[in-house]
Amino acid sequence: MSHWEKEKEVVERSDLPITRDVLTAGFRSLGVQKGDVLLVHSSLSSLGWVVGGAVTVIDALMEAMGPEGTVVMPSFTTGNTEPSGWRRPPVPESWWDTIRQEMPPFDPVTTPVRGLGVIPEVFRKYRGVIRSNHPQLSFTASGKRAKDIMENHPLEAPFGEEGPLGKLYRLSAKILLLGVGHSANTSLHLSEELASLEGHPPEAQGAAAIEDGVRVWQTWEQIDYDSYLFGEIGTAFDKEAGTKPQKIGLAQCSLLEMSALVDFGVRWLKEHREYYLGEKLPRDAPS
Ligand SMILES: CC(C)(COP(=O)(O)OP(=O)(O)OC[C@H]1O[C@@H](n2cnc3c(N)ncnc32)[C@H](O)[C@@H]1OP(=O)(O)O)[C@@H](O)C(=O)NCCC(=O)NCCS
């Protein structure tokens, strides 16, 4: 389907164009408050047809939160990763060294966001937005706490306690799932870190980066993050927490307390350790 055909389909399921005021009122009614620290995962097309697209959504979010608020989005660059682990699609082994040698280094200004939608890609270019300096799993932020959250993003444990997610947790951040489900709920990777499951295998990672002004292929080890059970964990969390999704435009949206979600995720992972670590084994539901 071409871009315009997909947009046509969005127009056809929209009764009215969605405006900034509709979005701001929707965010407030969902529970977004002035001064909040908010981590956003989004799908523009889920909202119905928005006048001004991604820019309008970002402006509405900022309006709902006011100058004291902080908006955070993922800005991952998952094309800049160890090529031997690529699966969608894999590339021939004979290409791996060339990729490691030739991949352009992560640059917070120029490297585009990959696969997370148009809203994070537009947001990263907004005036005043700060991007963390992780070559592969960076975040972006705007607002009062942006600098604190974005600085010193560790290369190892990029989703760990010392990284942006750990800081968001300690700041009692909220998570906005805007037209997307828990499979996009990155904060559960912090649960994976905090659960410290014995037997969770490490993963060798690599990415092109700039070190002391020179392009290098950095390598490190991190836990083998895996989101394949996030939908299941999120559904169980919603049940326990009594999450009340609301429609904004046509999009089903949820606002979650990040610390409650992450703590729940840690408990769930410990309780379902075998099931979670057994991803390479048959995926039977736990008893
Ligand atoms: C993958 C994902 C981004 C796809 O959502 P999407 O709505 O199809 O894509 P975008 O948000 O990029 O929106 C672009 C689409 O909006 C539509 N669109 C274009 N103009 C529009 C407008 N004015 N108003 C509304 N929709 C519009 C188009 O269909 C466009 O599709 P195209 O880029 O293929 O042409 C989404 O499902 C998702 O998973 N988001 C969360 C990502 C995340 O944070 N993951 C965390 C990983 S741990």
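Each ligand, and each atom within it, is numbered from 1 in the order the structure gives. We're numbering straight along the sequence, starting at 1.
Within the 4.0 Å heavy-atom cutoff, L47 does not count among the residues contacting ligand 1. Between G48 and ligand 1 there is a heavy-atom distance shorter than 4.0 Å. Heavy atoms of L116 come nearer than 4.0 angstrom to ligand 1 in at least one pair.
In terms of polar-atom proximity, S43 is counted as a contact of ligand 1, with an N or O under 3.5 Å from an N or O of the ligand. Annotation: G52 places no N or O atom under 3.5 Å from an N or O atom of ligand 1; distance criterion only. Residue V50 places at least one N or O, backbone or side chain, under 3.5 Å from an N or O of ligand 1. Residue contacts with ligand 1: T186 is placed with no nitrogen or oxygen under 3.5 Å of a nitrogen or oxygen of the ligand (distance criterion only). In terms of polar-atom proximity, S46 is not counted as a contact of ligand 1, lacking any N or O under 3.5 Å from an N or O of the ligand. At least one N or O atom of S45, backbone or side chain, sits closer than 3.5 Å to an N or O atom of ligand 1.
Around the NZ atom of K147, the shell of radius 6.0 Å holds no more than 12 heavy atoms that belong to other residues, nucleotides or ligands. E5 CD: more than 12 foreign heavy atoms inside a 6.0 Å radius.
For the residue pair A157 and Q222, the shortest heavy atom distance occurs at N-CB, 4.4 Å.
Taking CG of N80 as the start and CD of Q218 as the end, the distance is 9.5 Å to the nearest 0.5 Å. We find the CG-NE2 distance between L269 and H200 to be 9.0 Å, quoted to the nearest 0.5 Å.
Set against the non-hydrogen atoms of S42, the atoms of ligand 1 under 4.0 Å away are 3 (C), 36 (C), 38 (C), 40 (N), 41 (C). Atoms of ligand 1 found under 4.0 Å from any heavy atom of W49, numbered from 1 in the order shown, are 22 (C), 23 (N), 24 (N), 25 (C). Close contacts between ligand 1 and P74 involve ligand atoms 44 (O) [criterion: under 4.0 Å to a heavy atom].
If you check the side chains of T140 and R124, you find no donor sitting under 3.5 Å from an acceptor. Side-chain N/O atoms of Y225 and E193 include a donor and acceptor closer than 3.5 Å.
Contacts of L44 with ligand 1, taken as heavy-atom pairs under 4.0 Å, involve both backbone and side chain.
Proximity of atom 3 (C) of ligand 1 to the protein is indicated by at least one non-hydrogen atom lying closer than 4.0 angstrom.
Remark: R267 does not engage E271 in a salt bridge, criterion side-chain N to carboxylate O under 4.0 Å. Electrostatic pairing of E121 and R114 does not count as a salt bridge here, judged by no charged N lying under 4.0 Å from a carboxylate O.
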